[in-house]
Enquirer: 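I am attaching a structure below and will ask some questions about it afterwards.
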Amino acid sequence: MIRVQTEDFDFATEVARLSDGNASVGGVCSFVGLVRDMAGDEEISAMTLEHYPGMTEKALAGIEAEAHARWPLQDTLIIHRYGKLLPGERIVLVAASSAHRDAAFDACRFLIDWLKTKAPFWKLEEAGGEARWVDAKSSDDTAAARWGGGGGDKAE
Amino acid sequence: MIRVQTEDFDFATEVARLSDGNASVGGVCSFVGLVRDMAGDEEISAMTLEHYPGMTEKALAGIEAEAHARWPLQDTLIIHRYGKLLPGERIVLVAASSAHRDAAFDACRFLIDWLKTKAPFWKLEEAGGEARWVDAKSSDDTAAARWGGGGGDKAE
Amino acid sequence: MKIIYFAWVREKTGTAEETFERPDGVDDVAALIQWLKGRGEGYQTAFADPAMVRVAVNQEHVGVDHRLADGDEVAFFPPVTGG
Amino acid sequence: MKIIYFAWVREKTGTAEETFERPDGVDDVAALIQWLKGRGEGYQTAFADPAMVRVAVNQEHVGVDHRLADGDEVAFFPPVTGG
């Protein structure tokens with residue numbers, strides 16, 4: 001399941017859905033990304049996420065489908081917020097459930113790694129009264145590349 | 001933080017503690033292990049976890065300390081239940097929070113991998129009216145070995 | 001065709017979205033970028049370093065050699081930074 | 001010394017916990033296992049395949065060559081299966 005929304009989500013309810021009523025699930029791995037209060041040595045007052053409606057949903061559904069093609073999963077979940085967020089607020093939740101923990105861990109990490117280089121979101125950071133677009137990190141390209149099969153938002 | 005208990009835990013509350021009031025946390029990775037309803041092609045009716053009071057807490061505290069020595073973490077959590085559990089019930093929760101997701105993922109997986117070979121818990125499975133002790137899996141030894149530094153419950 | 005701009009590419013072009021007939025000779029993304037740069041200083045600044053701009057056609061990531069068809073939805077944006 | 005048994009090791013020895021003075025010559029874990037096997041059939045069955053039994057002394061995993069001291073807490077158990 002994927003969701004793109006401005007509102008916050010209920011972490012426990014969302015993650016519970018990946019195993020509720022399905023006792024063939026042996027493990028659920030989840031990751032929550034939060035707005036940090038610092039960027040380098042500068043204090044962040046807010047973060048605004050812009051996205052590309054339509055393409056975002058397509059990209060996330062594609063990433064989810066790829067995870068299911070690669071691992072024996074019971075279920076997966078991607079929730080990504082957009083709009084203005086404050087430090088400490090949740091940005092994203094990814095989760096995967098499987099009979100075995102290795103698949104759950106690998107798939108969960110794959111979801112966030114691919115999302116970070118393929119899903120059309122952009123962060124605008126506010127610090128010291130100024131707003132600036134966050135630069136993409138080469139470490140995210142490296143993280144995505146370890147899964148093979150597709151060069152992120154660069155030409156494929 | 002570590003806890004060894006018979007009662008269930010509130011997943012959201014426990015995981016939220018790893019980032020609440022600390023906006024330097026960029027990501028929280030968590031893993032929940034559940035009792036599955038099948039072992040091979042046999043239906044499981046219940047699972048009883050025995051442990052070694054005293055040593056369990058020491059072992060878990062040692063695993064947690066090792067995670068903090070290896071990664072820049074804000075916080076970690078291990079909750080492990082014992083006693084009689086039914087299929088679908090939670091057995092264990094491990095979680096790690098960090099400024100960056102790679103440390104959170106690695107540490108979370110390390111916690112469960114080491115726990116599975118070092119913490120003194122034993123599973124008694126009930127299936128078809130019989131109870132039998134679950135055999136240790138060599139895949140768990142392999143998973144723990146990838147982190148180096150200690151051969152599980154075998155002589156070190 | 002419909003052209004959409006996001007993040008700082010939108011701010012530099014000063015345009016969020018525009019629709020026009022595909023100009024003669026604009027057969028691929030590279031040609032479209034060249035053509036857009038002729039539209040004014042904002043566009044020139046936005047596309048000054050082509051390595052910094054990503055492209056999606058009909059909501060799929062593509063390279064600058066991607067062939068364009070009438071009615072395509074083309075989006076230009078910086079490298080993504082979600083998650 | 002205090003000896004504790006867990007899981008099927010406990011079931012086979014028929015003993016959860018016992019306390020006695022360290023016998024003469026029982027200087028390490030291997031010697032203790034040998035001595036315990038002399039205590040009856042249940043113990044012999046429990047320690048029949050030493051590779052299947054793990055040991056902790058004073059709540060730390062050790063090998064069978066670990067030296068024993070008076071007052072040690074020694075635990076025998078199968079490979080762990082938690083998580």
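Since the model is a prediction, treat every value here as computed from it, not as a measurement.
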Enquirer: Measure across Val80(D) and Ala136(B) and return the closest heavy-atom pair with its distance rounded to 0.1 Å.
Expert: O-CB, 3.9 Å
Enquirer: If you count heavy-atom pairs within less than 4.5 Å of chain D, which of Met55(B), His80(B), Arg81(B) leads?
Expert: Met55(B)
Enquirer: Within the supplied structure, the quantity of interest is the number of heavy atoms (other residues, nucleotides, ligands) at a distance under 6.0 Å from Glu7(B) CD; does it exceed 12?
Expert: yes
Enquirer: Decide if atom CD of Glu41(D) counts as having more than 12 heavy atoms of other residues, nucleotides or ligands within a radius under 6.0 Å.
Expert: no
Enquirer: Just verifying a value: how many Å separate Glu50(B) CD and Arg10(D) CZ, rounded to the nearest 0.5 Å?
Expert: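 It is 4.0 Å, given to the nearest 0.5 Å.
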Enquirer: Determine the option with the most heavy-atom pairs under 4.5 angstrom with chain D, choosing from Lys137(B), Arg132(B), Lys116(B).
Expert: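 Among the listed options, the one with the most contacts to chain D is Lys116(B).
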Enquirer: Do Gln59(D) and Glu57(B) make a side-chain contact, defined as non-hydrogen atoms from C-beta onward lying under 4.5 Å apart?
Expert: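 No, their side chains stay 4.5 Å or more apart.
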Enquirer: Between Glu11(D) and Trp133(B), which heavy-atom pair has the shortest distance, and what is it?
Expert: OE1-NE1, 2.9 Å
Enquirer: Between Trp122(B) and Thr81(D), does a side-chain contact (heavy atoms from CB on, under 4.5 Å) hold up when you go through it step by step?
Expert: CA-CA 5 Å; Trp122(B) 301 277; Thr81(D) 56; 4.2 Å; yes
Enquirer: For atom CG of Asp24(D), decide whether the heavy atoms of other residues, nucleotides or ligands shown that lie under 6.0 angstrom number more than 12.
Expert: no
Enquirer: Is it true that a side-chain atom of His61(D) and a backbone atom of Lys118(B) form a donor plus acceptor pair closer than 3.5 Å?
Expert: yes
Enquirer: Taking atom CD as the centre, does Glu43(B) end up with more than 12 heavy-atom neighbours from other residues, nucleotides or ligands that are less than 6.0 angstrom away?
Expert: no
Enquirer: Minimum heavy-atom separation for Tyr52(B) and Ala75(D), please, with both atom names.
Expert: CE1-CB, 3.3 Å
Enquirer: Counting only heavy atoms closer than 4.5 Å, note whether Asp140(B) contacts chain D via side chain, backbone, both or neither.
Expert: neither
Enquirer: Please name the pair of heavy atoms, one in Gly82(D) and one in Leu49(B), separated by the smallest distance, quoted to 0.1 Å.
Expert: CA-CD2, 4.4 Å
Enquirer: Do you know which of Ala7(D), Ala56(D), Pro79(D) has the most heavy-atom pairs under 4.5 Å to chain B?
Expert: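 Looking at each of Ala7(D), Ala56(D), Pro79(D) in turn, Ala7(D) comes out on top.
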Enquirer: Below 4.5 Å from any heavy atom of chain D, which atoms of Lys58(B) appear? Answer side chain, backbone, both or neither.
Expert: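 Just the side chain, heavy atoms under 4.5 Å.
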